[in-house]
Amino acid sequence: MNKDEEKDYQYILDRVGQRLVKYRKSKNMSARQLAAETGFDQAWLTKVEKGQKDLRLTSVYKLAEQTTGDVFYFLREEE
């Protein structure tokens, strides 16, 4: 992966993380509460929120299933 591709990929990871934080805060949930509700590990969720977790598309899909029900919520540009 070249530097531009790495930058684009990190942008996507950051966007997914920001959207997860936005979702969690809109529900007035702590990271611990979100972990309990979704069944995901809290440490994993925290890394996702910080853009530090290398995500597979299947992970984004599973996360969407347990939260918004809309995988595109995490992937589309901000409206």
Side-chain angles (χ1 to χ4, degrees):
M1 191 179 304
N2 66 39
K3 289 191 182 259
D4 287 336
E5 291 170 331
E6 287 178 21
K7 187 177 175 181
D8 290 343
Y9 188 66
Q10 186 60 52
Y11 174 76
I12 293 168
L13 294 177
D14 291 340
R15 184 172 46 200
V16 170
Q18 290 165 0
R19 291 287 172 85
L20 184 57
V21 170
K22 183 177 178 178
Y23 169 82
R24 182 173 58 76
K25 289 184 176 185
S26 76
K27 301 294 183 186
N28 295 316
M29 300 173 80
S30 67
R32 179 177 289 167
Q33 289 170 317
L34 181 61
E37 188 170 298
T38 62
F40 288 102
D41 180 74
Q42 182 181 347
W44 184 86
L45 286 170
T46 298
K47 287 180 181 179
V48 171
E49 287 186 351
K50 293 179 179 181
Q52 298 173 342
K53 185 68 183 159
D54 187 9
L55 294 171
R56 294 180 175 186
L57 188 54
T58 54
S59 297
V60 177
Y61 181 78
K62 289 177 185 178
L63 184 60
E65 282 185 313
Q66 296 297 319
T67 57
T68 65
D70 177 13
V71 71
F72 296 108
Y73 171 83
F74 292 103
L75 301 175
R76 69 178 164 252
E77 290 293 327
E78 193 69 44
E79 299 168 353

Which atom pairs, donor and acceptor, lie under 3.5 Å between side-chain atoms of residues 49-63 and protein residues at least two apart or in another chain?
from	atom 1	to	atom 2	distance (Å)
E49	OE1	R24	NH2	3.2
E49	OE2	R24	NE	2.7
D54	OD1	Y9	OH	2.3

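- Residues forming a ring pair (Phe, Tyr, Trp, His ring centres under 6.0 Å) with Y23 (at least two apart in sequence, or on another chain): none.
- Under the rule for a salt bridge (Lys or Arg N to Asp or Glu O under 4.0 Å), the partners of D70 that lie at least two apart in sequence or sit in another chain are R76.
- Listed by chain and number, the residues in a side chain to side chain contact (heavy atoms under 4.5 Å, CB included) with D8 amount to none (sequence neighbours excluded).
- Distance check, rounded to the nearest 0.5 Å: CD of E77 to CZ of R15 gives 4.5 Å.
- The CG atom of L45 sits 5.0 Å away from the OG1 atom of T38 when rounded to the nearest 0.5 Å.
- Under the side chain to side chain contact (heavy atoms under 4.5 Å, CB included) criterion, E5 pairs with M1, N2, sequence neighbours left out.
- If you check the side chains of D14 and Q10, you find a donor sitting under 3.5 Å from an acceptor.
- Side-chain heavy atoms closer than 4.5 Å link hydrophobic residues (I, L, V, M, F, W, Y) into clusters, and following such links, even through other members, never connects V71 to V21.
- In this view, N28 satisfies the side chain to side chain contact (heavy atoms under 4.5 Å, CB included) rule with no residue, not counting sequence neighbours.
- Two residues are said to be in side-chain contact when any heavy atoms from C-beta on lie closer than 4.5 Å; T67 and Y73 fail this criterion.
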